[in-house]
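Here's the structure, in structure tokens; my notes come after.
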Number of protein chains: 4
Amino acid sequence: MNQQQNITTFRVRYSETDPMGTFYNSRALEWFECGRSEWLRANGLPYTEIEARGVFLPLVESHVRYLGRARYDDQLELTTKAFMDGKVCIRFEASIVHADHGVAVAEGYTIHVCTDHEGKPIRPPVWLTSVLQNQVES
Amino acid sequence: MNQQQNITTFRVRYSETDPMGTFYNSRALEWFECGRSEWLRANGLPYTEIEARGVFLPLVESHVRYLGRARYDDQLELTTKAFMDGKVCIRFEASIVHADHGVAVAEGYTIHVCTDHEGKPIRPPVWLTSVLQNQVES
Amino acid sequence: MNQQQNITTFRVRYSETDPMGTFYNSRALEWFECGRSEWLRANGLPYTEIEARGVFLPLVESHVRYLGRARYDDQLELTTKAFMDGKVCIRFEASIVHADHGVAVAEGYTIHVCTDHEGKPIRPPVWLTSVLQNQVES
Amino acid sequence: MNQQQNITTFRVRYSETDPMGTFYNSRALEWFECGRSEWLRANGLPYTEIEARGVFLPLVESHVRYLGRARYDDQLELTTKAFMDGKVCIRFEASIVHADHGVAVAEGYTIHVCTDHEGKPIRPPVWLTSVLQNQVES
């Protein structure tokens, strides 16, 4: 009954491409961020609201598998899921395919912890974990 | 007698930092690229020369562990190693620490294959593997 | 009867913000590019089609006035216009405001010339100028 | 007797280039920032020190003229000057040429005001203007 995943679409910007004619590798992580933003918003807890409550979600790990090329202006579809990963980590999983024909572009995950504004680790607050714990890894 | 690793230093740019007061996560991959460039140059095979011979080295995988914060203008030291990873993949390992006091910032790796200009996979040419195969994983 | 301007909306990404809590200055130029892409598409000549015909539109000049702050996740509205500027230059004008309340964020312009793939200047082809010359500077 | 300009060199990163085979236009503004950082450091007032004193220098205007191409790994030389522009604005001028042969790449300027952490405009403090007012526009 809970939203298990969020799907968002976007176009590759010229600024995101490189001389190989595809997106530069680090852009995948920037796109994953867009997916996290939309997942959180769709689940009623925009990231701005999280930071407004004094909680930050810096990355402790990221992983990307590059599966196919994507050119400037290609329309891509990004699917994002989120889970608690143990008691302190939050895991977002991302998958990017071509919106037109479904061919895979990239997939990966990011792992986050909760910190205060100074970067000091804190326990994930209940209002955050309750949104995430309802998710079941598929 | 072979160069096993390359060390380069750089400063964090303001454009690379975010509201958390540290570098934005995708910058680590951009910095890793600088390390690959310097490793290849130091081993006599600049990446420009590789592309001039019609060979490209797109990523198939990237992994980053975020170990500590780095603020605008902090001077960071990036250590890069490179190996053949099987017969077709090239693996670059990167480690970033604060140049002043050695505290860890990030570490990770990227895995690459060889392609032609169209992105079609090709066998790694001997002039490339010979530079890499002399490396022994430490 | 011709479309004089294109309006598109987008959200500020976390990767685009900096420790001042607003977008980093160079992002305005990346956003202006999105506006150019949408203007061209709306006028029946996507930039991919222009490059497919062997014509490139590199910038010769850019100008930005920063008028207000925009935070992560703020929804911005970008208005783009385009004109021929003399016989060889193309001028795109951009204006960014907050979508919610219309407060100004940035405005500016970019000036472009036509080149071939090697970057050699060429005369703007008729199929391109005919799209642009119908525009009247407001 | 005062340092009138700062010169710094850097290499174009792959992440900064685009399918046209030159740097993406917004990178010029990121490079200009590096020049400002080095100018301020060379004049005894690193930007980190300015922010530590509660003063920020956001841009109110930027202008770039794109004069030539620069490819991945090209070594560029950036010359930066700084002046007070009236009583409240600070103007940095930047010029980028190829380090090897001096061919021009880009030139432009950024204009800044002083604000507090909230982005509220403040009068430029004397310890800042004294560094800048000694400069004579050449």
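First the proteins, then the strands, lettered A, B, ... as listed; each starts at 1. Computed from a predicted model, the values in this text were never measured in an experiment.
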Is C/P19 close to chain D through its backbone or its side chain, or both, or neither, when contacts mean heavy atoms under 4.5 Å? backbone
For residues C/Y66 and D/E61, report the shortest heavy-atom separation together with the two atoms involved. CD1-N, 3.6 Å
Looking at C/R71, I'd like to know if its CZ atom is crowded, meaning that more than 12 non-hydrogen atoms belonging to other residues, nucleotides or ligands lie closer than 6.0 Å. no
With a 4.5 Å heavy-atom cut-off, do C/L29 and D/L29 have their side chains touching? yes
Closest approach of C/R36 to D/N25 (non-hydrogen atoms, all atoms of both residues): NH2-ND2, 4.0 Å
Does C/R53, at its CZ atom, have more than 12 non-hydrogen atoms belonging to other residues, nucleotides or ligands within less than 6.0 Å? yes
Chain D interface, residue from C/F56, C/F32, C/Y24 that has the most non-hydrogen pairs under 4.5 Å: C/Y24
Search all heavy atoms of C/S26 against all heavy atoms of D/E30 and return the closest pair with its distance. OG-OE2, 3.2 Å
For C/E51, is it the side chain, the backbone, both, or neither that has a heavy atom closer than 4.5 Å to a heavy atom of chain D? side chain
By a 4.5 Å heavy-atom criterion (distance strictly below it), what part of C/R65 contacts chain D: side chain, backbone, both, or neither? both
CZ/C/R69 to OG1/D/T115 distance, rounded to the nearest 0.5 angstrom? 6.5 Å
